[in-house]
Amino acid sequence: YKANAEPYSMAEDIKTLEENFRQQNKSCFILGASGETGKLLLQELLEHNIFSKITLIGRRQLTFEGKTYENLVQEVVDFEKLDDYAAAFQGHDVGYCCLGTTRAKAGAEGFVRVDHDYVLKSAELAKAGGCTQFHLESSRGADKKSGFLYLKVKGQVEADIEALGFDRFAIYRPGVLLVDRQESRPTEWMARKFFSAVSAVGYRSMSVPIQEVAKAMVSNTVLQPEQKMEILENKDIATLGKSTGK
């Protein structure tokens, strides 16, 4: 490497960091692996192969086809009685949380229970079980003082997890997630078409392809920021999600 050579590109930097990380034999768990982001996050983690062990923690066993998935560990838990499943949260270095529902699906109370209570309790058990790094998928505009329930709950859980004192806590706040959802509703489909068109023009603060969120979470895992807590807004996610190469 010559002093006057071109500096490494970000993708090459990340490749080196991934290699170093891989050699540390770390393990991780994913909450919400059956959801849109969780599914892609799992694929990315398997592809980049930075962990020696990946555990999925969820309310049901997921079925996967193909050799790639054969070494996955699955822990089935009852989120209403998480203390009984503390063992499932032990022995992981890194935790990823893509857990969430909507008010439309679960009602206001159910939404708070999943997006705040389940998420926070999982983080507490992971921390007690030795987990040092926690990655949370949140939402653009999350703010515990918001008058809008969705954003208020997202902001509250961010603050409550930060208070647990992980060595490293990363919050991802994507805008509208651009995804080809199977059971997509017509209005969502219209919104996505609009935001895809808009983001193509350059308004990237409003939306992000879901694949980029998953890629950003994986790349960011191997980076070593100075601060313990960081918030990646939509544009940061897009930049990092694009820079990874393969």
Side-chain angles (χ1 to χ4, degrees), residues 28-42 44-45 57-58 79 94-106 108 110-127 131 133-179 181 188 191 195 199 204-221 223 225 227-241:
C28 75
F29 68 86
I30 303 175
L31 286 159
S34 63
E36 301 283 358
T37 312
K39 224 179 285 178
L40 290 173
L41 174 63
L42 174 58
E44 287 292 325
L45 286 172
I57 300 177
F79 282 100
V94 180
Y96 296 97
C97 182
C98 303
L99 201 62
T101 184
T102 60
R103 188 175 179 162
K105 267 189 194 161
F111 166 69
V112 175
R113 207 157 68 235
V114 173
D115 284 55
H116 180 276
D117 304 354
Y118 292 178
V119 170
L120 179 59
K121 187 67 191 171
S122 298
E124 284 171 357
L125 290 171
K127 177 85 170 53
C131 179
Q133 198 182 126
F134 199 81
H135 296 258
L136 175 71
E137 182 187 17
S138 184
S139 165
R140 179 172 182 254
D143 177 3
K144 63 180 183 186
K145 296 191 180 77
S146 175
F148 184 42
L149 180 75
Y150 182 80
L151 298 177
K152 180 181 182 162
V153 168
K154 293 291 187 189
Q156 190 60 58
V157 80
E158 288 180 358
D160 291 344
I161 293 175
E162 185 185 358
L164 296 177
F166 281 96
D167 290 357
R168 180 161 181 225
F169 176 38
I171 294 167
Y172 302 81
R173 290 183 179 166
V176 173
L177 294 169
L178 303 174
V179 52
R181 190 182 299 213
E188 277 193 357
F195 279 113
S199 68
R204 288 311 299 271
S205 65
M206 296 159 87
S207 66
V208 65
I210 200 159
Q211 192 85 39
E212 284 182 16
V213 181
K215 283 178 185 291
M217 288 174 96
V218 177
S219 293
N220 195 36
T221 303
L223 297 177
Q227 68 278 38
K228 286 178 74 158
M229 194 271 249
E230 58 186 330
I231 295 173
L232 286 88
E233 296 291 354
N234 200 73
K235 63 177 188 311
D236 308 316
I237 293 170
T239 306
L240 195 53

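Throughout, residue positions are numbered sequentially from 1 according to the sequence presented.
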S.K.: Once you round to the nearest 0.5 Å, how far does CD1 of Ile30 lie from CD1 of Ile57?
M.R.: 10.0 Å
S.K.: Please tell me if the side chains of Glu212 and Leu240 come closer than 4.5 Å, counting only heavy atoms from C-beta onward.
M.R.: no
S.K.: State, with a plain yes or no, whether a side-chain heavy atom of Tyr150 is found less than 4.5 Å away from one of Arg103.
M.R.: no
S.K.: Is it the case that Ser139 and Tyr172 place a side-chain donor and acceptor less than 3.5 Å from each other?
M.R.: no
S.K.: Is there a side-chain contact (heavy atoms from CB on, under 4.5 Å) between Phe79 and Leu99? Walk through the geometry before answering.
M.R.: CA-CA 11 Å; Phe79 282 100; Leu99 201 62; 4.0 Å; yes
S.K.: Could you tell me if the side chain of Asp167 sits less than 4.5 Å from the side chain of Gln133, heavy atoms only?
M.R.: no
S.K.: side-chain contact (heavy atoms from CB on, under 4.5 Å) between Phe166 and Lys228: does it pass, once the steps are laid out?
M.R.: CA-CA 7 Å; Phe166 281 96; Lys228 286 178 74 158; over 6 Å; no
S.K.: OH/Tyr96 to SG/Cys131 distance, rounded to the nearest 0.5 angstrom?
M.R.: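 Going from OH on Tyr96 over to SG on Cys131, the span is 10.0 Å.
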S.K.: What pairs of residues pass the salt bridge (Lys or Arg N to Asp or Glu O under 4.0 Å) test when at least one of them lies in residues 147-159, not counting sequence neighbours?
M.R.: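 Applying salt bridge (Lys or Arg N to Asp or Glu O under 4.0 Å) to every pair that reaches into residues 147-159, excluding sequence neighbours, yields Asp115-Lys154, Glu158-Arg173.
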S.K.: Please report the closest heavy-atom contact between Pro225 and Glu230, naming both atoms and the distance.
M.R.: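 Reported closest heavy-atom pair: CG-OE2, 3.8 Å.
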S.K.: Hey, mind stepping through Ile237 and Asn220 against side-chain contact (heavy atoms from CB on, under 4.5 Å) and telling me if it holds?
M.R.: CA-CA 9 Å; Ile237 293 170; Asn220 195 36; over 6 Å; no
S.K.: Please check if the number of heavy atoms outside Arg168 that lie under 6.0 Å from its CZ is greater than 12.
M.R.: yes
S.K.: Can you give me the closest heavy-atom contact between Thr101 and Gly110, atom names plus distance?
M.R.: CG2-O, 4.2 Å
S.K.: Looking at Glu124 and Lys121, is there a salt bridge between them, counting it only when a charged N and a carboxylate O are closer than 4.0 Å?
M.R.: yes
S.K.: Hey, what do you get for OG1 (Thr239) to CG (Leu232), rounding to the nearest 0.5 Å?
M.R.: 9.5 Å
S.K.: Measure the spacing between CD of Glu36 and CD of Gln211 and express it to the nearest 0.5 Å.
M.R.: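 Atom-to-atom, Glu36:CD and Gln211:CD are 11.0 Å apart.
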S.K.: Which is it for Val114 and Val119 under the side-chain contact (heavy atoms from CB on, under 4.5 Å) test, yes or no, and what are the steps along the way?
M.R.: CA-CA 7 Å; Val114 173; Val119 170; 5.8 Å; no
S.K.: Using a 3.5 Å distance criterion without hydrogens, assess whether the side chain of Ser146 forms a donor-acceptor pair with backbone atoms of Ala142.
M.R.: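 It does not hold such a pair.
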S.K.: Going from CD1 on Ile231 to CG on Asp236, what distance comes out if it is rounded to the nearest 0.5 angstrom?
M.R.: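 Atom-to-atom, Ile231:CD1 and Asp236:CG are 10.0 Å apart.
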S.K.: I need the Glu233 CD to Ile171 CD1 distance, nearest 0.5 Å.
M.R.: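 Taking CD in Glu233 and CD1 in Ile171, the distance rounds to 9.5 Å.
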S.K.: For a quick test of reading the model, state the closest non-hydrogen atom pair linking Leu41 to Cys98 and the distance between them.
M.R.: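 The answer is CD2-SG, 3.9 Å.
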S.K.: Relative to the ring of Phe134, is the ring of Phe169 parallel (under 30°), tilted (30 to 60°) or perpendicular (over 60°)?
M.R.: tilted
S.K.: Grab the two heavy atoms, one from Pro174 and one from Glu137, that are nearest each other, plus how far apart they are.
M.R.: CG-OE2, 4.3 Å
